[in-house]
Amino acid sequence: MKRLIEEGSTSFEQSLLSAMADERPSPELVARMEQGLGLAASGGAATAAAGGMAGWAKLTVVGLVAVGLAGVGFTQLRGADAAAVAPPTVKPVPVKVEAPVAAAPTPVSVTDLAVQDDPTPSRPRPAASGTADLREEIRLLDEARAAVRAGKSNEALSLLAKYNRKYPRGQFRQEAQVLRVEALKGSGNEEAAVKLGKKFVAQHPESPHVERVERATGAEH
Amino acid sequence: MANASLLLVEPRPLDEAARRSRLEKMFRAHHELVWRTLRRLGLGPEQAADAAQQAFLIAAERLNDIRHGSERAFLFGTAIRLARTAYRSGRRFQLEDDMDHRADAGSKVEELVDRRRAVELADRVLAQMEPSLLTVFVLFEIEGLSTPEIAELVGVPLGTAASRLRRAREAFRSTAARMERTMRRETSQ
């Protein structure tokens, strides 16, 4: 199948499509991203690199924390509307956390890269867990995922139960729930898998995990 | 959904310099694409830059796990998820609700030579599109991914991806035609 812009489109459509395809970030935005990632050749990146750990590596850790903060709600991370000019030092996560309104924590799955949904902006709070905890959460889920894939469903369920006990408000609860559906299905407990899958979809209809849950439970349309 | 974990392999630790070098190469090669995808999926220029940076931070954290050659897919998958989150938080397309855009009155179709204007109009067209169709449309029509690639990324069967693309095209063409008619009508008055 050819792209619309290659055949059959009107000149108006072509104008729209080519304009979209040609759009690039401004040099200022590119510089800001580089600086935020510690990749800039000078300026902020150099400043960040001054510690024992390389600047970019620090940012990786900060990024992890940021992803943890996403549990508080990446959904609340706003574009730096008011930060058009990058600061002189590295701005690890130049996304700004929008204030207000309390809400449930918003888990984010780094492991599966699915950023969690939380339609209600909430006041920024400290991350539910520190970096070490976050790594442990990821490790547990990685192990559970590996177990699911290896067909070791009971082991996966055990790991997921451990995850739940240890991190009742963990950052990756949705991912854990999806894995549980898959593990239940794998263990032959299809009824429980379908029940949990339906509950998940009802609770998180907009979750990026929905299709995966529906695949696992055979509910996909 | 995209099963990004399919892209993961057993970690093979990289030393610091190699990790930095790889991240830098990924950024150089893909930052425009990641930013543009986020833009088309509904974020403003600055929001897209922030989210793109977030995508690369996530990539940095998972660097050992990203298979060589899968960097682009990984970043696409991450960008899609970040955009979905932004969508749910209601920040997508901060544009007027009125599709006919009375503010456009007086503008001429010929003004589309102005790229910025064209981008703005295009985003208004995309704003009318259902999110699941939008993602497929953007990846295919703007970024040139194949339908099998899109199916893999979005985590749907190939037939579903193709079907979504057909519907997305219909939606795009219908909305664009409506917008063009409105603009022509208003400029002729």
Side-chain angles (χ1 to χ4, degrees), chain A residues 1 3-5 9-10 12-13 15-26 29-30 32-34 36-37 39 54 56-57 59-60 62-64 66-67 73-81 84 93-95 110-119 121 145 206 208-212 215, chain B residues 1-5 16 19-20 23-24 27 31-32 35-36 39-40 43-54 56-58 60-62 74 77-78 81-82 84-86 88-91 109 112 115 118-119 121-122 125 140-142 144 147 155-156 162 165 169 172-173 176-177 180:
Chain A
M1 187 187 293
R3 294 160 73 194
L4 263 181
I5 202 166
S9 53
T10 66
F12 183 74
E13 289 168 346
S15 298
L16 299 180
L17 289 165
S18 61
M20 289 190 279
D22 291 344
E23 198 186 19
R24 303 279 184 278
S26 68
L29 287 177
V30 174
R32 197 169 89 189
M33 287 187 273
E34 287 175 332
L37 290 165
L39 295 176
W56 83 277
L59 294 178
T60 300
V62 175
L64 182 61
V67 173
F74 177 79
T75 54
Q76 307 135 25
L77 300 179
R78 296 184 60 193
D81 297 335
V93 186
V95 279
V110 175
T111 320
D112 207 20
L113 304 175
V115 179
Q116 180 69 356
D117 52 323
D118 183 353
R145 184 182 303 101
E206 296 298 320
H209 292 297
V210 164
E211 287 179 357
R212 185 170 148 201
R215 263 203 313 278
Chain B
M1 61 163 285
N3 193 348
S5 46
E16 188 74 8
R19 285 170 60 84
R20 183 193 164 97
L23 181 68
E24 187 151 13
F27 182 81
H31 73 275
E32 286 187 352
W35 180 84
R36 192 167 49 240
R39 285 279 294 125
R40 298 288 79 78
L43 278 69
E46 296 204 350
Q47 292 167 339
D50 292 341
Q53 181 180 316
Q54 191 74 15
F56 281 99
L57 282 170
I58 291 170
E61 177 58 31
R62 304 294 295 179
F74 184 94
T78 308
R81 285 162 181 74
L82 293 172
R84 280 176 178 164
T85 303
R88 283 189 292 276
S89 70
R91 290 186 286 108
V109 174
L112 282 176
R115 287 282 163 159
V119 166
L121 290 174
V125 173
F140 186 88
E141 299 291 354
I142 312 297
T147 42
V156 297
L165 179 58
R169 279 181 160 187
F172 173 81
R173 302 197 76 172
E180 187 178 10

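Below, chain A is the first sequence line, B the second, and so on; all start at residue 1.
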If you round to the nearest 0.5 Å, how far is [atom2] of [Y] from [atom1] of [X]?
X	Y	atom1	atom2	result
A:M33	B:Q54	CE	CD	13.0 Å
B:H31	A:L37	NE2	CG	10.5 Å
A:R24	B:E32	CZ	CD	4.5 Å
B:E141	A:L17	CD	CG	6.0 Å

Inset, instruction - Starting from the C-alpha separation in whole Å, work towards a yes-or-no answer on side chain to side chain contact (heavy atoms under 4.5 Å, CB included) for A:M1 and B:L165. - result: CA-CA 10 Å; A:M1 187 187 293; B:L165 179 58; 3.4 Å; yes
Legend entry - Under 4.5 Å from a heavy atom of chain B, the part of A:I5 involved: backbone
Inset, instruction - Would you mind checking if B:R36 and A:E23 are paired as a salt bridge, meaning a charged N to carboxylate O distance below 4.0 Å? - result: no
Legend entry - Donor-acceptor contact below 3.5 Å, side chain B:R173 vs main chain A:E13: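 No: the side chain of B:R173 does not pair with the backbone of A:E13.
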Inset, instruction - Could you give me the CA-CA distance, side-chain angles and deciding distance for A:V30 and B:W35, then say whether side chain to side chain contact (heavy atoms under 4.5 Å, CB included) is met? - result: CA-CA 9 Å; A:V30 174; B:W35 180 84; over 6 Å; no
Inset, instruction - Give, as side chain, backbone, both or neither, the part of B:F140 having an atom under 4.5 angstrom from any heavy atom of chain A. - result: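 For B:F140, heavy atoms of backbone and side chain both lie under 4.5 Å from chain A.
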If every non-hydrogen atom of [X] is compared with every non-hydrogen atom of [Y], which pair is closest and at what distance?
X	Y	answer
B:A118	A:S15	CB-O, 4.1 Å
A:L16	B:A122	CD2-N, 3.7 Å
A:A21	B:I142	CA-CG2, 3.7 Å

Inset, instruction - Any chance you could lay out the side chain to side chain contact (heavy atoms under 4.5 Å, CB included) test for B:E46 and A:R32, step after step, and finish with the verdict? - result: CA-CA 10 Å; B:E46 296 204 350; A:R32 197 169 89 189; 3.7 Å; yes
Inset, instruction - Quick one: do B:F56 and A:L39 satisfy side chain to side chain contact (heavy atoms under 4.5 Å, CB included)? Show the steps, please. - result: CA-CA 11 Å; B:F56 281 99; A:L39 295 176; over 6 Å; no
